[in-house]
Engineer: 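Dumping the structure here so I can ask a few things about it.
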Amino acid sequence: MFNKLNIKTPQDLMQYFKDNLNYGFVYRKQKFTDMEPDFQKNMDKLYKIRLGKDFLKHKYGVCWDFCELERTFFLKNNIEHHCYFIESYINRSEGGPTHTFALFKQNNKWCWFEYSWFYHRGIWEYNSKEEALQDILLKFEKFFDRKLINIRIYETAQVKKRLNAFEFVEHCLKGQKLELTI
C-alpha cells in the first residue's frame, strides 16, 4: 500500500496526509466534519474506524483513523513507535475530549507524528518519550477553555477490525495506563 503511493519516510506520510486526506468521517457516502454542530453526536451514533486501504479510499478520518494508519506504516517499515490514547473529562455529565497519536524514533530522537490536531500538525522532535508525552499532555490541557479533570493516557494495541466510537474507547482503555501528571 505505502510503496504504491511512494511513501518511504514519516515525512512522506505527513505530506501524503496533507495532500490527500481530510478530518471527519464518512457514513453511507455522507461526509461529516468537525465544523458541523452535531459532529460529536453523529460520531457517537454513526462512526466506525476505517483501517488501511478502506481509510485511504474514503479520504476522511479522525485522529483514531490517522493513528492506526500511522501505526501500520511504522510496523511495515520496522520503525520503533508507540501509539497513545488520551481521555479526559470536563465534568462527569459532559464527558470530554479524547485524542490518539503516535511517537516514533528517528535519529536517536522521539518524534510526535501529528496530523489530525490541526494546531499542532507536523513532526515534533524530543529527546525522550517522557519529554514528548509531557509536552503533548500540556498542549492537550491548554487547548480547552475549561480545566479538564481525570486526564489519563494509555499506550494502545493495534486495532484489528472496524469498531464504533464506544468500542474503540473500550479498546484503548484496555491498553497500558501510564502514570504521568501535568
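Computed from a predicted model, the values in this text were never measured in an experiment.
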Engineer: Side chains of Leu103 and Ile136, heavy atoms from C-beta outward: is any pair under 4.5 Å?
Structural biologist: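 Answer yes - side chains close enough.
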
Engineer: Just grab all the salt bridge (Lys or Arg N to Asp or Glu O under 4.0 Å) pairs involving residues 9-25, residues at least two apart or on different chains.
Structural biologist: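 Not a single pair qualifies under salt bridge (Lys or Arg N to Asp or Glu O under 4.0 Å).
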
Engineer: Are Val62 and Val26 linked, directly or through other ILVMFWY residues, by side chains that come within less than 4.5 angstrom of each other?
Structural biologist: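 Shared cluster, no.
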
Engineer: Is there a chain of hydrophobic side chains (I, L, V, M, F, W, Y, each step under 4.5 Å between heavy atoms) that links Ile86 to Val169?
Structural biologist: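 No, because Ile86 and Val169 fall into different hydrophobic clusters, even though each may have its own neighbours under 4.5 Å.
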
Engineer: Are any non-hydrogen side-chain atoms of Phe166 and Asp44 less than 4.5 angstrom apart?
Structural biologist: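 Yes; the side chains approach each other to less than 4.5 Å.
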
Engineer: Same cluster or not: are Tyr23 and Met14 linked, directly or through other Ile, Leu, Val, Met, Phe, Trp or Tyr residues, by side-chain heavy atoms under 4.5 angstrom apart?
Structural biologist: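 Tyr23 and Met14: separate clusters.
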
Engineer: Mind listing the closest non-hydrogen atom pair of Phe140 and His99 along with its distance?
Structural biologist: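 Taking every non-hydrogen atom into account, CE1-CB, 3.8 Å.
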
Engineer: Walk me through whether Trp64 and Tyr47 qualify under side chain to side chain contact (heavy atoms under 4.5 Å, CB included).
Structural biologist: CA-CA 11 Å; Trp64 303 349; Tyr47 170 85; 3.5 Å; yes

Engineer: Spell out, as yes or no, whether a donor-acceptor pair under 3.5 Å connects the side chain of Thr100 to the backbone of Cys63.
Structural biologist: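 Pair found, side chain donor or acceptor close to backbone of Cys63.
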
Engineer: If I compare all heavy atoms of Phe66 with all of Ser116, which pair ends up nearest, and what's the gap?
Structural biologist: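 Of all heavy-atom pairs spanning Phe66 and Ser116, the closest is CD1-CB, 3.9 Å.
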
Engineer: Using 0.5 Å steps for rounding, measure from the CE atom of Met1 to the CD1 atom of Ile7.
Structural biologist: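 If I round to the nearest 0.5 Å, the distance is 8.5 Å.
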
Engineer: Do His81 and Phe74 have ring centroids that are under 6.0 Å from one another?
Structural biologist: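 When the ring centroids of Phe74 and His81 are compared, they turn out to be within the sub-6.0 Å range.
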
Engineer: Drop me the distance from His120's NE2 to Asp135's CG, to the nearest 0.5 angstrom.
Structural biologist: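 With rounding to 0.5 Å, NE2 (His120) is 8.0 Å from CG (Asp135).
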
Engineer: Shortest non-hydrogen contact from Asn77 to Lys8?
Structural biologist: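 Heavy atoms of Asn77 and Lys8 come nearest at OD1-O, 4.3 Å.
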
Engineer: I'd like to check the ring pair (Phe, Tyr, Trp, His ring centres under 6.0 Å) partners of Phe113; sequence neighbours left out, ordered by chain and number.
Structural biologist: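 Phe113: ring pair (Phe, Tyr, Trp, His ring centres under 6.0 Å) contacts with Phe17.
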
Engineer: Quick check for you: to the nearest 0.5 Å, what is the distance between Leu173 atom CG and Glu87 atom CD?
Structural biologist: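 Answer for the CG-CD pair, Leu173 versus Glu87, is 5.0 Å.
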
Engineer: Do Leu5 and Asn20 come within less than 4.5 Å of each other through their side chains, counting heavy atoms only?
Structural biologist: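 A side-chain contact is absent here, since even the closest heavy-atom pair is not under 4.5 Å.
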
Engineer: Heavy atoms, side chains only, cut-off 4.5 Å: are Trp112 and Ile123 in contact?
Structural biologist: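 They are not in contact (no side-chain heavy atoms under 4.5 Å apart), so the answer is no.
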
Engineer: Hey, quick one: are Phe101 and Val159 part of the same hydrophobic cluster, counting side-chain heavy atoms closer than 4.5 Å, chains of contacts allowed?
Structural biologist: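 Result: no, two separate clusters.
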
Engineer: Drop me the distance from Ile151's CD1 to Thr98's OG1, to the nearest 0.5 angstrom.
Structural biologist: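 Reported value, rounded in 0.5 Å steps: 12.5 Å.
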
Engineer: Which atom names give the shortest non-hydrogen contact between Ala102 and Cys67, and what distance separates them?
Structural biologist: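 Nearest pair, atom of Ala102 first, then Cys67: N-SG, 4.0 Å.
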
Engineer: Quick check on side-chain hydrogen bond (donor to acceptor under 3.5 Å, both in side chains): which of Glu68, Arg71, Gln176 does Thr156 satisfy it with?
Structural biologist: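 Testing Thr156 for a side-chain hydrogen bond (donor to acceptor under 3.5 Å, both in side chains) against Glu68, Arg71, Gln176 leaves exactly one candidate, Arg71.
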
Engineer: Measuring only between side-chain heavy atoms, which start at C-beta, is Thr72 closer than 4.5 Å to Phe2?
Structural biologist: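 A side-chain contact under 4.5 Å exists here.
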
Engineer: Is Leu69 reachable from Phe104 through a run of I, L, V, M, F, W or Y residues, each pair having side-chain heavy atoms under 4.5 Å apart?
Structural biologist: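 Linked, Phe104 and Leu69 end up in one cluster.
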
Engineer: Looking only at the aromatic ring of each residue, does the gap between the centers of Phe25 and Phe39 stay below 6.0 angstrom?
Structural biologist: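 So the answer is yes for these two rings.
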
Engineer: Decide yes or no on side chain to side chain contact (heavy atoms under 4.5 Å, CB included) for Gln11 and Tyr16, but give the supporting numbers first.
Structural biologist: CA-CA 9 Å; Gln11 291 74 14; Tyr16 180 83; over 6 Å; no

Engineer: Can you tell if the side chain of Phe73 reaches within under 4.5 Å of the side chain of Pro10, non-hydrogen atoms only?
Structural biologist: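 Yes; the side chains approach each other to less than 4.5 Å.
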
Engineer: Has Glu167 got a side-chain atom pairing as donor or acceptor with Asn164's backbone, closer than 3.5 angstrom?
Structural biologist: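 At least one qualifying donor-acceptor pair exists.
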
Engineer: For the residue pair Lys109 and Asn127, confirm or rule out a side-chain donor-acceptor distance under 3.5 Å.
Structural biologist: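 Per modelled atom types, Lys109 and Asn127 side chains form a pair under 3.5 Å.
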
Engineer: To the nearest 0.5 Å, how far apart are CG in Leu163 and CZ in Arg50?
Structural biologist: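 Those atoms lie 13.0 Å apart.
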
Engineer: Going from NE2 on His58 to CG on Leu21, what distance comes out if it is rounded to the nearest 0.5 angstrom?
Structural biologist: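 That separation rounds to 12.5 Å.
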
Engineer: Is the shortest distance from a Lys or Arg side-chain nitrogen in Glu114 or Arg121 to a carboxylate oxygen in the other one below 4.0 Å?
Structural biologist: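 The answer is no: the pair does not qualify as a salt bridge.
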
Engineer: Do Trp110 and Tyr126 have ring centres separated by under 6.0 Å?
Structural biologist: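 No.
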
Engineer: Main chain of Lys41, side chain of Asp38: is a donor-acceptor contact present, judged purely on distance under 3.5 Å?
Structural biologist: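 No.
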
Engineer: Are the side chain of Asn22 and the backbone N or O of Tyr60 linked by a donor-acceptor pair below 3.5 Å?
Structural biologist: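 No, Asn22 side chain to Tyr60 backbone: no donor-acceptor pair under 3.5 Å.
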
